[in-house]
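Quick note: residue numbers are just sequence positions, from 1. Bear in mind that the values here come from a model prediction, so they are computed numbers and not experimental data.
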Amino acid sequence: MSTVNWTRMEAACVVVLALCLVSINGVHGNSLTVLQAPEFVSFQTGEWPISGEKIPDLVALSMGFSVQEELSWPGLQAGPLFQRPRANVLVVVRGTDELSLPQNVASYPLENAVPFTLDNVAETVHSLFAEDTPVVLQLAPSEERLYMLGKANAVFEDLPVTLQQIRARLSQEGSVLASLPLNSLSRNSEADLLFLSEVQVLHDITALLQRHKHLAKDHSPDLYSLELSGLEELSRIYGKDSPQYKDATAILSSALQKFAEDVYSLYGNSAVVEVVTVKTFEAPLTRKSRSILESKQISNPGSPYNLAYKYNFQYAVVFNIVLWLMIALALAVIAIAYNLWNMDPGYDSIIYRMTNQKIRMD
């Protein structure tokens with residue numbers, strides 16, 4: 001055998017070995033990784049892709065809520081009816097196609113990476129458990145967005161939201177800068193501070209829950225939605241082959257692993273923690289404001305093809321209630337009319353019976 005063939009075989013072996021190491025040690029490409037989950041929330045191991053627009057339905061089902069459209073995805077199996085996790089934490093990491101998360105429950109490829117929000121799940125939690133203290137926290141430090149619902153807002157009022165607040169938090173006591181191996185990252189760079197501020201937010205959330213453990217022990221489920229884009233900014237400025245990006249990837253992987261373990265422990269091993277890694281979204285994320293008093297559109301003038309209206313999930317329920325109620329009322333009217341028609345006034349009515357006796361006495 002020639003030297004060229006031996007070289008090709010060695011190269012092929014190296015490629016196969018590298019692929020094996022990739023599949024074992026890390027998560028590559030757009031993916032959904034379940035870092036922690038209780039035993040009664042059954043995530044199956046397999047290469048089943050899931051669409052980005054279906055992730056809110058997946059979060060709702062894992063929390064025990066119903067969804068309007070059935071999720072035909074074999075990665076999540078139905079669990080016990082009367083058992084639901086106490087919390088669900090979803091972390092979206094933008095700007096990376098390689099994140100080492102070896103300690104996970106399951107990992108799935110993510111296709112159709114479109115932006116999504118957990119607003120519907122948050123509204124469900126808030127409407128079902130409005131009298132309790134559910135934690136509904138949706139945070140995106142890069143865009144300075146913070147959405148909080150419920151009575152637990154006072155606990156997270158001290159959580160830094162804007163970039164200025166987070167940068168000030170980095171200089172205070174207990175900052176992550178004292179414990180993180182910065183290596184090539186600088187405290188004077190705006191992009192580096194953005195990334196470090198997101199790691200600081202993860203640390204502060206677990207610290208607040210540690211001080212207010214009653215929030216994790218009540219009966220209302222909690223929802224966390226965090227969006228991290230520090231890696232995306234580092235890759236844009238330094239490049240993915242830069243030491244800054246590689247050091248940041250290692251720091252974030254370790255921070256997410258510890259964050260998932262801490263949250264899972266605080267909620268008594270009854271929390272689901274997912275991480276979505278996406279290199280870039282296919283479309284920008286936009287939020288449409290809407291009023292509570294907004295009425296739904298009755299007509300459908302916007303359809304140029306004369307299509308039918310979208311099927312309502314509650315239609316079958318309302319139809320059955322109205323149908324059987326009308327059948328029961330119709331049978332009741334028929335039965336009453338039949339009995340009145342065949343009634344003997346002398347025996348079936350006390351009025352006529354007394355009248356007949358009075359006549360006979362006279």
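- Inter-residue side-chain proximity for L76 and L71 is flagged as unmet; no heavy-atom pair is nearer than 4.5 Å.
- For the pair D218 and F129, the minimum side-chain heavy-atom distance is 4.5 Å or more.
- Other residues, nucleotides and ligands place no more than 12 heavy atoms under 6.0 Å from the CD atom of E39.
- With a 6.0 Å radius and a threshold of 12 heavy atoms from other residues, nucleotides or ligands, H219 has its NE2 atom at or below the threshold.
- Residue S107 comes nearest to S31 through the heavy atom pair OG-CB, 4.3 Å, listed as atom of the first residue, atom of the second, then distance.
- Side-chain atoms of L202 and V176, non-hydrogen and from C-beta on, never get closer than 4.5 Å to each other.
- A distance of 5.0 Å separates OH of Y238 from CD of Q244, quoted to the nearest 0.5 Å.
- The two residues L215 and D222 come nearest to each other via the heavy atoms O-OD2, 3.2 Å.
- Side chains of V41 and V105 form no contact here, defined as non-hydrogen atoms less than 4.5 Å apart.
- Pairing each heavy atom of S229 with each of E198, the nearest pair is N-OE2, 2.9 Å.
- Under the 4.0 Å criterion applied to side-chain N and carboxylate O atoms, E261 and K258 are not assigned as salt-bridge partners.
- Residues I327 and F319 share a hydrophobic cluster, clusters being chains of Ile/Leu/Val/Met/Phe/Trp/Tyr side chains in contact below 4.5 Å.
- Taking CZ of F43 as the start and OG1 of T33 as the end, the distance is 11.0 Å to the nearest 0.5 Å.
- Side chain of D192 to main chain of L185: no donor-acceptor pair is present (N/O by atom type, distance under 3.5 Å, no hydrogens or angles).
- Under 3.5 Å, the side chains of S225 and E227 contain no donor-acceptor pair of N or O atoms.
- Residues M326 and V322 have side chains in contact (heavy-atom distance under 4.5 Å, counting atoms from C-beta outward).
- Side-chain contact between N88 and S62 is present, with at least one heavy-atom pair separated by less than 4.5 Å.
- Atoms CD and OG, on E70 and S66 in that order, are 12.5 Å from each other to the nearest 0.5 Å.
- In this structure a side-chain-to-backbone donor-acceptor pair under 3.5 Å is missing from N269 to P38.
- Here the CG-CG distance, from L228 to L139, works out to 8.5 Å after rounding to the nearest 0.5 Å.
- A 4.5 Å side-chain heavy-atom check between Q200 and D204 finds at least one atom pair inside the cut-off.
- Under the 4.5 Å side-chain heavy-atom criterion for Ile, Leu, Val, Met, Phe, Trp and Tyr, Y264 and M63 are members of distinct hydrophobic clusters.
- Within the model, atoms NZ of K240 and NZ of K246 stand 12.5 Å from one another, a figure rounded to the nearest 0.5 Å.
- Side-chain contact between V273 and V34 is absent, with no heavy-atom pair separated by less than 4.5 Å.
- Minimum interatomic distance between S197 and L170 (heavy atoms only, all atoms of both residues): N-CD1, 4.1 Å.
- E111 places no side-chain N or O within 3.5 Å of a backbone atom of P49 that could act as its donor or acceptor partner.
- Judged by distance alone, with hydrogens and angles left aside, the side-chain atoms of S265 form no donor-acceptor pair with the main-chain N or O of D262 at under 3.5 Å.
- Scanning both residues, V89 and F259, for their nearest heavy atoms gives CG1-CE2, 3.6 Å.
- Heavy atoms only, all atoms of each residue included: G95 and Y245 are closest at O-OH, 3.0 Å.
- A continuous path of Ile, Leu, Val, Met, Phe, Trp and Tyr side chains, each step under 4.5 Å between heavy atoms, connects L331 with W324, placing both in one hydrophobic cluster.
- Between Y108 and W48, the ring-plane angle classifies as parallel under the 30° and 60° cut-offs.
- In terms of modelled atom types and a separation under 3.5 Å, the side chain of S270 and the main chain of Y267 share no donor-acceptor contact.
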Assess whether side chain to side chain contact (heavy atoms under 4.5 Å, CB included) is satisfied between L226 and I205, documenting all intermediate values. CA-CA 11 Å; L226 311 175; I205 290 176; 3.9 Å; yes
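- Under a hydrophobic-cluster definition in which Ile, Leu, Val, Met, Phe, Trp and Tyr are linked whenever side-chain heavy atoms come within less than 4.5 Å, directly or via other members, W73 and F65 are assigned to the same cluster.
- Side-chain atoms of S184 and D247 include a donor-acceptor pair closer than 3.5 Å.
- For the atom pair N30 CG and T96 OG1, the distance stands at 9.5 Å (nearest 0.5 Å).
- One N or O on the side chain of N104 and one on the backbone of L101 form a donor-acceptor pair closer than 3.5 Å.
- A donor-acceptor pair is defined here as one N or O able to donate and one able to accept, closer than 3.5 Å; such a pair exists between the side chain of Q257 and the backbone of Q103.
- Formation of a donor-acceptor pair under 3.5 Å by the S171 side chain with backbone atoms of A168 is found in this model.
- Just one of L223, I55, V272 meets the side chain to side chain contact (heavy atoms under 4.5 Å, CB included) condition when paired with L90; it is I55.
- Under the 4.5 Å side-chain heavy-atom criterion for Ile, Leu, Val, Met, Phe, Trp and Tyr, V333 and W341 are members of distinct hydrophobic clusters.
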What's the verdict on side chain to side chain contact (heavy atoms under 4.5 Å, CB included) for E69 and K54, showing C-alpha distance, side-chain angles and the deciding distance? CA-CA 10 Å; E69 297 181 2; K54 295 297 183 181; 3.5 Å; yes
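- No donor-acceptor pair under 3.5 Å is formed between the side chain of S175 and the backbone N or O of Q172.
- Side chains of Q68 and D57: a donor-acceptor N/O pair is absent below 3.5 angstrom, by distance only.
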Do L177 and R187 pass the side chain to side chain contact (heavy atoms under 4.5 Å, CB included) test, and can you show the C-alpha distance, the side-chain angles, and the key distance before you say yes or no? CA-CA 9 Å; L177 295 179; R187 303 186 182 187; 4.0 Å; yes
